[in-house]
Amino acid sequence: MEVIIKRTPAEGCRLAARLAATLIHRKPNAVLGLSAGKTPLPLYAELIRLHREEGLDFRQVTTFNLDEYLGLGPNDPRSYHFHMRETLFKHINIPASQIHIPDGLTRDVPRACKEYDEAILAAGGIDLQILGIGRDGHIGFNEPTSSLSSHTRIKTLTQETIHANNRSFPSHNEMPLHVITMGVGTIREAGCCILLAFGEAKARAVSKMVEGPITALVPASILQLHPHAIAIFDKAASRRLSLTPYYQHAYKNKPSWQRYE
Ligand code: F6R
């Protein structure tokens, strides 16, 4: 796993946006895996800026979001459908038919999950997957003990995640307990994964993911086995890492042909 430590979330997200834009320039019909939540918001703001000011073209891009709350429809302001539309999709020129997010209102969850995985395969697989990380080490909503080879399916949120993610919900009781999420196996199949983590609250999960054992107790640790995983942190999130001087040294001394910036 490549570890890159930036001074601020804004700097980290600018780098992630540059990597996404480079992919889209090289492959205009790229397939992006996207994450909701707070972490990638500056990344989406930068992609919108690149679209408006530098003509970054999303006409042929296809997207698959990681997850959605069960029971919430696309127009519910608490849903990830709504969140993604407001923070990214309505500001860029991606056709609606190329946007995919699990259906939180499906009446047949197993079937919807199977069809979601089939749609990813039919699109040619995910080229670049954007990830955040939960305080308990989840990626997507693959909570601790998730199968490390799982595909899209229903999961039950932990109390910790319910607590951390209830910003848009007036009370804990209204937060759905269940979600549809891509599996750890689905995420592993992406050509490249970029995981973003910012802030002190993520420091413990970050150190377990990067420097701990690979374990289903920390689903993000599976990225240690990914051939092309890039983790971008700010200083606060990297605070508990023990090999920071090495990560910084390696990034500073990348051969010119491997540099991102
Ligand atoms: C969201 C997702 C989650 C979040 C994680 C961190 O689609 O899959 O894994 O990335 O819960 O959330 P934030 O970024 O809000 O701290």
Side chain to side chain donor-acceptor pair (under 3.5 Å): pairs with one or both residues in [range], sequence neighbours excluded:
| range | answer |
| --- | --- |
| residues 121-143 | Lys27-Asp127, Asp136-His138, Asp136-Thr158, Asp136-Thr161, His138-Glu143, His138-Thr161, Asn142-Arg153, Glu143-Thr158, Glu143-Thr161 |
| residues 181-198 | His151-Glu189 |
| residues 93-102 | Asp57-Asn93 |
| residues 8-20 | Arg7-Glu11 |

query = Can you name the nearest heavy-atom pair linking Ile214 to Ser221, along with the distance?
reply = CA-OG, 3.4 Å

ask   = Considering residues at least two apart in sequence or located in another chain, which fulfil the ring pair (Phe, Tyr, Trp, His ring centres under 6.0 Å) criterion with Phe233?
value = none

inquiry  = Check this for me: Tyr260, atom OH, are more than 12 non-hydrogen atoms of other residues, nucleotides or ligands nearer than 6.0 Å?
reply    = yes

key: Full working for salt bridge (charged side-chain N to carboxylate O under 4.0 Å, His left out) between Arg204 and Glu160   = CA-CA 14 Å; Arg204 192 168 48 99; Glu160 188 173 11; 3.7 Å; yes

query = Hey, what do you get for CD1 (Ile133) to CD1 (Ile139), rounding to the nearest 0.5 Å?
reply = 7.5 Å

task = List for me each residue that meets side chain to side chain donor-acceptor pair (under 3.5 Å) alongside Asn75, sequence neighbours excluded, and say none if there are none.
result = Arg85

ask   = How would you list, by chain and number, every residue that makes a side chain to side chain donor-acceptor pair (under 3.5 Å) with Arg239, sequence neighbours excluded?
value = Glu200

task = Among residues two or more places apart or on two chains, list those pairs meeting salt bridge (charged side-chain N to carboxylate O under 4.0 Å, His left out) that have a residue in residues 251-261.
result = Glu2-Lys254, Lys6-Glu261

Show me, pair by pair, the donor-acceptor contacts under 3.5 angstrom made by side chains of residues 31-47, not counting sequence neighbours?
{"unit_1": "Tyr44", "atom_1": "OH", "unit_2": "Ser35", "atom_2": "N", "d": "3.2"}
{"unit_1": "Tyr44", "atom_1": "OH", "unit_2": "Ser35", "atom_2": "O", "d": "2.6"}
{"unit_1": "Glu46", "atom_1": "OE1", "unit_2": "Arg49", "atom_2": "NE", "d": "3.1"}
{"unit_1": "Glu46", "atom_1": "OE2", "unit_2": "Arg49", "atom_2": "NH2", "d": "3.0"}

request  = May I have all residue pairs that pass ring-ring contact (aromatic ring centres under 6.0 Å, His included) and include part of residues 198-224, sequence neighbours excluded?
outcome  = none

ring-ring contact (aromatic ring centres under 6.0 Å, His included) contacts touching residues 202-230 (sequence neighbours left out) = none

query = Where the side chain of His91 meets the backbone of Ile48, is there a donor-acceptor pair that is under 3.5 Å apart?
reply = no

ask   = Apart from Ile180 itself, which Ile, Leu, Val, Met, Phe, Trp or Tyr residues share its cluster (side-chain heavy atoms under 4.5 Å, direct or through members)?
value = Leu70, Val109, Ile154

message = With side chain to side chain contact (heavy atoms under 4.5 Å, CB included) as the criterion, how do Ile230 and Cys193 come out once you've worked through the C-alpha distance, each side chain's angles and the decisive distance to 0.1 Å?
response = CA-CA 6 Å; Ile230 304 170; Cys193 290; over 6 Å; no

is_close_aromatic(Phe64, Tyr116), centroid dist under 6.0 Å = yes

